[in-house]
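This report concerns only the one structure given below.
On a predicted model such as this, the values are computed, not experimentally measured, just so you know.
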Amino acid sequence: MCCEKMGKNNNRTVARNGKVMNSEVNALPPQKSVFLAYVLWLFGGIFGLHHLYLHRDRHAFLWWCSLGGYFGIGWLGEIFTIPSYVRDANEDPRFIEEFIKKLQTHKKPPYSGKRFLFMIMIGYLFGQLANMAIPNDMYMAMDFNFLHWLIPFFVALGVWTVGNIGRERGVLWHCLLAAFAAYPIRYFIYDETYTILITSLAAALVFDHASKEWLRTPPKRRGICERFFKFSTAMFIYFSLWGCFFYFNGTITDENGNEVPIHEAFQNFLASAWWTDIKQALKDMYTYAQHHGWYEIWKELLESMDVDGERNAYKVLGLSATASQTEITATYRKLCKTIHPDTVKDESQRATAQQRFIEVQQAYEILSKIKSARIRKNKKVVNDDNENDTIVL
């Protein structure tokens, strides 16, 4: 009966006022393109862009975390499965027919070695990341070893996330029970790596045999805001774990070869004279902007960046910023005579002289161009003023 309903949902009609109208409740979703899916797979598939396009957000997040299923291995394997993903997203009649046959043939989803292995890998990844995020040493007089009991939760979360991709689903608590039941093996195996791997294997076995079932109804189409919120929240948690790892357990090697914890190096940096000077400079800039406006700050910033090369050109020629065009030309000609490569007899110094000669030429061209542009601008302003005076008279 369930299968019959699935077959009828795509073309259901209702009668109203003697007329037959199409029902919008079960309308097909916007159709996805196989070509565009392949384009996204090729140029951003390692980060799951094609899965985001096909509304496979869980799959996209896991691809993003593992760089395409552990450094592109799973990404390459999808070259043959993308058409099936697109038919699933479009609720294509061909896909629905094949899915109904699977429901009739198998009471529950059959064993898939690829999915089972991916559950173990992602469970291990999440568990290992949680383990790395826990401070190894005392921090603020606190021992955080009790947080190791959060590792089974992250392992179960990884296994459950993989198990709920596509048209299969299962509950989380089965994975949690298996993970927490297997984790005490850490008291017998003193290597946390093997402990997390065994915990992930136990959670995947329990999910595969006791929890997974078919997702018989089409996946719910969620709005862009809800999808963005969930995806960004998952990314925030993922980045937070990496941030905790680098902050608490990461180290920096100083010039003497000593390893300094990153959190200590960060605190020392905040107390350094360099950071104090930057804070004072930012404070002074904010105060100046309050009195003169942010546009003046922007003008000074552009001047300090020397985007047109004027300051550097004056420096190359050895002139002040108030030098006239006559002084610039005279200095340029004098330098050309004294530093010309042909006047250098030592072959070892000729390349240096050539480079210096080119720098002088470029500096002269930059200043001449700027001076000419300013003269033209001033003449235009004067002519405009004269025209305005004539109109007034």
Would you please classify the geometry between the H59 ring and the F118 ring as parallel, tilted or perpendicular, with 30° and 60° separating the classes? tilted
I'd like to know if the side chain of H148 pairs up with that of E192 as donor and acceptor (distance under 3.5 Å, no hydrogens or angles considered). no
Establish, yes or no, whether a centroid distance under 6.0 Å links the rings of Y139 and H263. yes
Run the numbers on T195 and Y190 for side chain to side chain contact (heavy atoms under 4.5 Å, CB included), then give the verdict. CA-CA 8 Å; T195 300; Y190 297 103; over 6 Å; no
Identify the heavy atoms of A130 and F154 that sit nearest to each other, and give their distance. CB-CD1, 3.6 Å
Determine the interplanar angle of the W274 and F269 rings, folded into 0 to 90°, and report it as parallel if under 30°, tilted if 30 to 60°, perpendicular if over 60°. tilted
With no hydrogens and no angle check, is any side-chain donor or acceptor of N131 less than 3.5 Å from a backbone partner on G127? no
Count the heavy atoms belonging to other residues, nucleotides or ligands that lie under 6.0 Å from CZ of F80, then report whether that count exceeds 12. no
Check whether K108 reaches the backbone of H209 with its side chain - one donor and one acceptor, N or O, closer than 3.5 Å. yes
Does K102 come within less than 4.0 Å of E98, counting only side-chain N to carboxylate O? no
State whether R167 and D88 are salt-bridged, where the test is any N-O pair (Lys NZ or Arg NE/NH1/NH2 against Asp/Glu carboxylate O) under 4.0 Å. yes
Are the aromatic ring centres of F207 and W160 under 6.0 angstrom apart? no
Considering only Ile, Leu, Val, Met, Phe, Trp and Tyr, and joining two whenever side-chain heavy atoms are under 4.5 Å apart, list the other residues clustered with Y314. V316, L317, L319, I328, Y332, L335, I339, F357, V360, Y364, L367
Determine whether a donor-acceptor pair (N or O, by modelled atom type, separation under 3.5 Å) exists between the side chain of Y53 and the backbone of L36. no
To check you understand the geometry: which heavy-atom pair defines the closest contact between K371 and S324, and what is its length? NZ-CA, 4.5 Å
Looking only at heavy atoms, what is the nearest atom pair of K32 and N90, with distance? N-OD1, 2.5 Å
Using modelled atom types only, decide if a donor and an acceptor are shared between the side chain of W214 and the backbone of H106 within a distance under 3.5 Å. yes
Using a 4.5 Å cut-off between side-chain heavy atoms of Ile, Leu, Val, Met, Phe, Trp and Tyr, which other residues end up in the same hydrophobic cluster as Y194? I185, I189, I198
Looking only at atom types and distance, does a side-chain atom of R56 sit under 3.5 Å from a main-chain N or O of I165, one as donor and one as acceptor? no
I151 vs T199, side chain to side chain contact (heavy atoms under 4.5 Å, CB included): CA-CA, chis, key distance, verdict: CA-CA 9 Å; I151 294 176; T199 303; over 6 Å; no
Check against side chain to side chain contact (heavy atoms under 4.5 Å, CB included), H50 and I82: CA-CA 9 Å; H50 58 302; I82 287 180; 4.2 Å; yes
Return the minimal non-hydrogen interatomic distance between P184 and W149, and the atom names on each side. CG-CH2, 4.0 Å
Can you tell me which residue among Y247, F245, W64 is in a ring pair (Phe, Tyr, Trp, His ring centres under 6.0 Å) with F239? W64
Does S368 offer a backbone N or O that forms a donor-acceptor pair with the side chain of S372 under 3.5 Å? yes
With no hydrogens and no angle check, is any side-chain donor or acceptor of K107 less than 3.5 Å from a backbone partner on E213? no
Y288 and H292 aromatic ring geometry - parallel, tilted or perpendicular at 30°/60° bounds: parallel
Non-hydrogen atoms of Q354 and P341 that approach each other most closely: OE1-CG, 2.9 Å
Which pair of non-hydrogen atoms, one from N249 and one from I134, has the smallest distance, and what is that distance? ND2-O, 3.0 Å
Does a side-chain heavy-atom distance below 4.5 Å link V86 with L54? yes
4.5 Å side-chain heavy-atom contact, L125 and Y70: yes
Does some side-chain heavy atom of Y286 sit less than 4.5 Å from a side-chain heavy atom of W294? yes
Other members of the hydrophobic cluster containing L177, with the 4.5 Å side-chain heavy-atom rule, please. V171, W173
For a 4.5 angstrom cut-off between non-hydrogen side-chain atoms, does D277 reach Q280? no
Flag side-chain contact, heavy atom, 4.5 Å: H51 against W41: no
When you compare the side chain of R227 with that of L52, does any pair of heavy atoms fall below 4.5 Å? yes
Can you find a heavy atom in the side chain of E97 that is under 4.5 Å from one in the side chain of K101? yes
Note, V155 side chain near F180 side chain (heavy atom, < 4.5 Å): no
Quick one, L197 with I120, criterion side chain to side chain contact (heavy atoms under 4.5 Å, CB included). Give me CA distance, side-chain angles, the key distance, then yes/no. CA-CA 7 Å; L197 182 60; I120 297 175; 4.0 Å; yes
